[in-house]
Amino acid sequence: MKFNIALLAGDGIGPEVINEAVKVSDAIAKKFNHEITWTPALTGACAIDAVGVPYPDETHDICMKADAVLFGAIGHPKYDNDPSAPVRPEQGLLLMRKKLGLFANVRPTFTFPSLIDNSPLKRERIEGTDLVFLRELTGGIYFGEKGRKDDGETAFDNCVYTRAEVQRLAKKGFELAMTRSKKLCCVDKANVLETSRLWRETVQAMEKDYPEVTVSYEFVDAVAMRLVQWPNSYDVLITENLFGDILTDEASVISGSMGLMPSASVGVHTSLYEPIHGSYPQATGLNIANPLATILSAAMMFEDAFGLKDEAEAIRAVVNKSLEQGIVTEDLATKGSKAYKTSEVGDWLVENL
């Protein structure tokens, strides 16, 4: 099979981790007799520096023509530390989501047996954790009207959802639950927010179409607490944009490192695959960043975008093998053991494929 993949390395450690994911993907393609054409494009701070905007039209055209998008990370301190900056890297991410119709962010959280004691949570609380968040990605407070009034002394951000947006995301959640344990949790704040009441009534109305799925409804603050108490009590969770942004970062530490968790953003026009971590500017160019989340995102791409489960499983198997044998970067290295460089981890994975 032949694939055209848009390659958006982005900022910070993005190019370094993307490079290792490309190496592993190319090795898989060779092993299974596929052909990948990679088309690089600018986004984020590097795009602002080059052309003045964080998501150029040329980048959008490349993404629209691609079978999938592999994405690194965006962000730079010179924008993070300047609240008045008129153009910001994150604006490119939001614009990309909107223009590509990336409405559902799929974030799995699971544990690795060889790393379970790396988690800040006790082993008995997290063993067996295997949950998936579906976060709505193109609505809510991030895309609502925002601004200042009263000479800048008052700020506002409007949270708006339509029933159709909720239905679209919830449908993905129900369908995913049917392939797993048939449990679905809708996370909201329906005791306070009108948008959450819309979410709850919309999902309740859809229950009849999926009679085999057991649906629960929980407030976001309760879920935030239970995620660190009994994360293995959850399976598939659906929620709105802001809640999902916060809860998925919280859930990521269950595994022991944000450098391990992949994600996918399912879209109307194409789908995007990315690690959940940020651009980690302090590590830029040091060859120390953990590339495994990006490599596991590539595994999600092979399985979900291309329907190639064997290829995805081969990547996951060699990643598990690397963890078991201690071929890890400094964030996972135990005291007294060797911390491998980003490129060394990628090379080892390619050799062992």
A.B. asks: Going by an N to O cut-off under 4.0 Å, is there a salt bridge joining Asp130 and Arg180?
C.D. replies: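 A salt bridge links Asp130 with Arg180.
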
A.B. asks: Determine yes or no for a side-chain-to-main-chain donor-acceptor pair under 3.5 angstrom, with Lys171 supplying the side chain and Val166 the backbone.
C.D. replies: no

A.B. asks: Indicate if Val328 and Leu296 have the same hydrophobic cluster label, given that clusters are the connected sets of ILVMFWY residues with side-chain heavy-atom separations under 4.5 angstrom.
C.D. replies: yes

A.B. asks: Measuring from Arg88:CZ to His76:NE2, what's the distance to the nearest 0.5 Å?
C.D. replies: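 Interatomic distance, Arg88 CZ to His76 NE2, rounded to 0.5 Å: 13.0 Å.
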
A.B. asks: Closest heavy-atom contact between Asn241 and Gly139?
C.D. replies: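 In this case the closest contact between Asn241 and Gly139 is ND2-O, 3.0 Å.
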
A.B. asks: Measuring only between side-chain heavy atoms, which start at C-beta, is Leu134 closer than 4.5 Å to Leu176?
C.D. replies: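 With C-beta onward as the side chain, the pair touches.
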
A.B. asks: Can you tell me how far CD1 of Ile327 sits from NZ of Lys338, rounded to the nearest 0.5 angstrom?
C.D. replies: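 Nearest 0.5 Å value for the NZ-CD1 distance: 7.5 Å.
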
A.B. asks: State whether the number of non-hydrogen atoms from other residues, nucleotides or ligands found under 6.0 Å of Gln229 atom CD is greater than 12.
C.D. replies: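 For Gln229, atom CD is crowded (more than 12 foreign heavy atoms under 6.0 Å).
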
A.B. asks: Using the rule that Ile, Leu, Val, Met, Phe, Trp and Tyr join whenever any side-chain heavy atoms are under 4.5 Å apart, tell me whether Leu95 and Leu93 fall into a single cluster.
C.D. replies: yes

A.B. asks: Report yes or no: is the cationic atom of Arg226 (NZ for Lys, CZ for Arg) under 6.0 Å from the centre of the six-membered ring of Tyr234, at an angle within 45° of the ring normal?
C.D. replies: yes

A.B. asks: Angle between ring planes, Phe174 versus Tyr210, binned at 30° and 60°: parallel, tilted or perpendicular?
C.D. replies: parallel

A.B. asks: Contact between Leu7 and Thr39 at the side-chain level, heavy atoms closer than 4.5 Å - yes or no?
C.D. replies: no

A.B. asks: Do Lys23 and Glu20 sit within salt-bridge range, that is, some charged N less than 4.0 Å from a carboxylate O?
C.D. replies: yes

A.B. asks: Glu194 vs Arg197, test: salt bridge (Lys or Arg N to Asp or Glu O under 4.0 Å). Steps then yes/no.
C.D. replies: CA-CA 5 Å; Glu194 192 61 35; Arg197 287 190 274 274; 3.1 Å; yes

A.B. asks: Kindly say whether Gly256 contributes a backbone atom to a donor-acceptor pair with the side chain of Ser119 at under 3.5 angstrom?
C.D. replies: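 Not at all, since once roles are kept as given, no pair shorter than 3.5 Å links the two residues.
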
A.B. asks: Under 3.5 Å, is there a donor-acceptor pair between the side chain of Ser297 and the main chain of Glu274?
C.D. replies: yes

A.B. asks: Considering all heavy atoms of both residues, which atom of Ala21 and which atom of Leu70 are nearest to each other, and what is their separation?
C.D. replies: CB-CD2, 4.0 Å

A.B. asks: Thr37 and Asn4: side-chain donor and acceptor closer than 3.5 Å?
C.D. replies: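 Side chains of Thr37 and Asn4: no pair found under 3.5 Å.
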
A.B. asks: Which is it for Val223 and Leu247 under the side-chain contact (heavy atoms from CB on, under 4.5 Å) test, yes or no, and what are the steps along the way?
C.D. replies: CA-CA 8 Å; Val223 173; Leu247 290 175; 4.1 Å; yes

A.B. asks: Any luck finding a side-chain donor-acceptor pair between Thr138 and Glu136 under 3.5 Å?
C.D. replies: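 Glu136 and Thr138 do have a side-chain donor-acceptor pair below 3.5 Å.
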
A.B. asks: Without placing hydrogens or testing angles, list every side-chain donor-acceptor pair under 3.5 Å for residues 102-114, not counting sequence neighbours.
C.D. replies:
{"residue": "Asn105", "atom": "OD1", "partner": "Arg107", "partner atom": "NE", "Å": "3.3"}
{"residue": "Asn105", "atom": "ND2", "partner": "Ala264", "partner atom": "O", "Å": "3.1"}
{"residue": "Asn105", "atom": "ND2", "partner": "Ser265", "partner atom": "OG", "Å": "3.3"}
{"residue": "Arg107", "atom": "NH1", "partner": "Thr248", "partner atom": "OG1", "Å": "2.9"}
{"residue": "Arg107", "atom": "NH1", "partner": "Asp249", "partner atom": "OD1", "Å": "3.1"}

A.B. asks: Could you give the distance from SG (Cys159) to NZ (Lys189), rounded to the nearest 0.5 Å?
C.D. replies: 14.0 Å

A.B. asks: Please examine the side chains of Asp188 and Arg200, heavy atoms only from C-beta on, and report whether any two atoms are closer than 4.5 Å.
C.D. replies: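 Arg200 vs Asp188: side chains touch.
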
A.B. asks: For the side chain of Glu165 and the backbone of Thr162, is there at least one donor-acceptor N/O pair under 3.5 Å apart?
C.D. replies: yes

A.B. asks: Look at the side chain of Ser25 and the backbone N and O of Val22, then say whether any donor-acceptor pair between them is shorter than 3.5 Å.
C.D. replies: no

A.B. asks: Say whether, by atom type as modelled, one donor and one acceptor occur between the side chain of Asn352 and the main chain of Trp348 under 3.5 angstrom.
C.D. replies: yes

A.B. asks: Test of understanding: clusters of I, L, V, M, F, W, Y form through side-chain heavy atoms closer than 4.5 Å, transitively. Do Leu308 and Tyr273 belong to the same one?
C.D. replies: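 Linked within one cluster.
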
A.B. asks: Using the ring of each side chain (for Trp, its six-membered ring), is Tyr161 parallel, tilted or perpendicular to Trp199, with breaks at 30° and 60°?
C.D. replies: perpendicular

A.B. asks: Give, for atom CG of Asn191 and atom CG of Leu193, the distance between the pair rounded to the nearest 0.5 Å.
C.D. replies: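 Separation between the atoms: 8.0 Å.
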
A.B. asks: Between Lys182 (side chain) and Thr179 (backbone), is there a donor-acceptor pair under 3.5 Å?
C.D. replies: no

A.B. asks: Testing the basics here: between Pro291 and Thr329, what is the closest heavy-atom pair and its distance to 0.1 Å?
C.D. replies: CD-CG2, 4.1 Å

A.B. asks: State, with a plain yes or no, whether a side-chain heavy atom of Leu131 is found less than 4.5 Å away from one of Leu227.
C.D. replies: yes

A.B. asks: Walk me through whether Ile5 and Val69 qualify under side-chain contact (heavy atoms from CB on, under 4.5 Å).
C.D. replies: CA-CA 6 Å; Ile5 302 174; Val69 180; over 6 Å; no

A.B. asks: Would you say CD of Glu58 has more than 12 non-hydrogen atoms from neighbouring residues, nucleotides or ligands within 6.0 angstrom?
C.D. replies: no

A.B. asks: With a sphere of 6.0 Å drawn around NZ of Lys78, does it hold more than 12 non-hydrogen atoms of other residues, nucleotides or ligands?
C.D. replies: yes

A.B. asks: Could you tell me if Thr129 and Asn232 have a donor-acceptor pair between their side chains, going purely by distance under 3.5 Å?
C.D. replies: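 Thr129 and Asn232 do not have a side-chain donor-acceptor pair below 3.5 Å.
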
A.B. asks: With side-chain contact (heavy atoms from CB on, under 4.5 Å) as the criterion, how do Arg123 and Asp117 come out once you've worked through the C-alpha distance, each side chain's angles and the decisive distance to 0.1 Å?
C.D. replies: CA-CA 6 Å; Arg123 171 186 287 263; Asp117 292 322; 2.9 Å; yes

A.B. asks: Measure the spacing between CG of Leu272 and CZ of Arg97 and express it to the nearest 0.5 Å.
C.D. replies: 8.5 Å

A.B. asks: Please name the pair of heavy atoms, one in Ala73 and one in His277, separated by the smallest distance, quoted to 0.1 Å.
C.D. replies: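 Smallest interatomic distance, heavy atoms only, reads CB-O, 4.2 Å.
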
A.B. asks: Mind checking whether Val213 and Lys183 have side chains closer than 4.5 Å, heavy atoms only?
C.D. replies: no

A.B. asks: Can you confirm whether the side chains of Thr334 and Ser337 place a donor and an acceptor under 3.5 Å from each other?
C.D. replies: yes

A.B. asks: Quick one: pull up OG in Ser322 and CD1 in Ile295 and give me the separation to the nearest 0.5 Å.
C.D. replies: 8.0 Å

A.B. asks: Strictly distance-based, threshold 3.5 Å: is any side-chain N or O of Thr195 a donor or acceptor partner for the main-chain N or O of Val160?
C.D. replies: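 Such a contact is absent between Thr195 side chain and Val160 backbone.
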
A.B. asks: When you check the gap from the basic side-chain N to the acidic O, do Glu313 and Arg316 get nearer than 4.0 Å?
C.D. replies: yes

A.B. asks: Between the side chains of Tyr142 and Glu240, is a donor N or O closer than 3.5 angstrom to an acceptor N or O?
C.D. replies: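 On atom types as modelled, these side chains do not qualify, holding no pair under 3.5 Å.
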
A.B. asks: Thr294 side chain to Pro275 main-chain N or O, any donor-acceptor pair under 3.5 Å?
C.D. replies: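 Here the side-chain-to-backbone pair does not exist.
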
A.B. asks: Determine, step by step, whether Phe306 and Phe3 satisfy the side-chain contact (heavy atoms from CB on, under 4.5 Å) criterion, reporting the C-alpha distance in whole Å, the side-chain angles of both residues, the deciding distance to 0.1 Å, and the verdict.
C.D. replies: CA-CA 9 Å; Phe306 307 144; Phe3 307 111; 3.5 Å; yes

A.B. asks: One thing to verify: whether Lys99 and Asp57 come together as a salt bridge, which I'm taking to mean a side-chain N less than 4.0 angstrom from a carboxylate O.
C.D. replies: yes

A.B. asks: Please give me the minimum heavy-atom distance between Ile62 and Pro40, naming the atom from each residue.
C.D. replies: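 Looking at all heavy atoms of both residues, the shortest contact is CD1-O, 3.8 Å.
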
A.B. asks: Given 3.5 Å as the limit, does a donor-acceptor pair link the side chain of Ser255 with the main chain of Met261, or not?
C.D. replies: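 Checking the backbone N and O of Met261 against the side chain of Ser255, no donor-acceptor pair under 3.5 Å is found.
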
A.B. asks: Indicate whether the side chain of Asn290 and that of Asp331 have a donor and an acceptor atom separated by less than 3.5 Å.
C.D. replies: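 Asp331 and Asn290 do have a side-chain donor-acceptor pair below 3.5 Å.
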
A.B. asks: Are Leu115 and Ile126 grouped together when hydrophobic residues (ILVMFWY) are joined by side-chain heavy atoms under 4.5 angstrom apart?
C.D. replies: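 Result: no, two separate clusters.
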
A.B. asks: Is the NZ atom of Lys146 crowded by more than 12 outside heavy atoms at less than 6.0 Å?
C.D. replies: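 Yes.
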
A.B. asks: Tell me, do Leu349 and Leu292 make a side-chain contact under 4.5 Å, heavy atoms counted?
C.D. replies: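 Yes, close enough: below the 4.5 Å cut-off.
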
A.B. asks: On the 0 to 90° scale, with breaks at 30° and 60°, tag the Phe32-His34 ring pair as parallel, tilted or perpendicular.
C.D. replies: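 Phe32 vs His34 ring planes: parallel.
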
A.B. asks: Between Arg135 and Leu237, is any pair of side-chain heavy atoms under 4.5 Å apart?
C.D. replies: no

A.B. asks: Which atoms form the tightest heavy-atom contact between Ile238 and Gly173, and what is the distance?
C.D. replies: CG2-CA, 3.8 Å

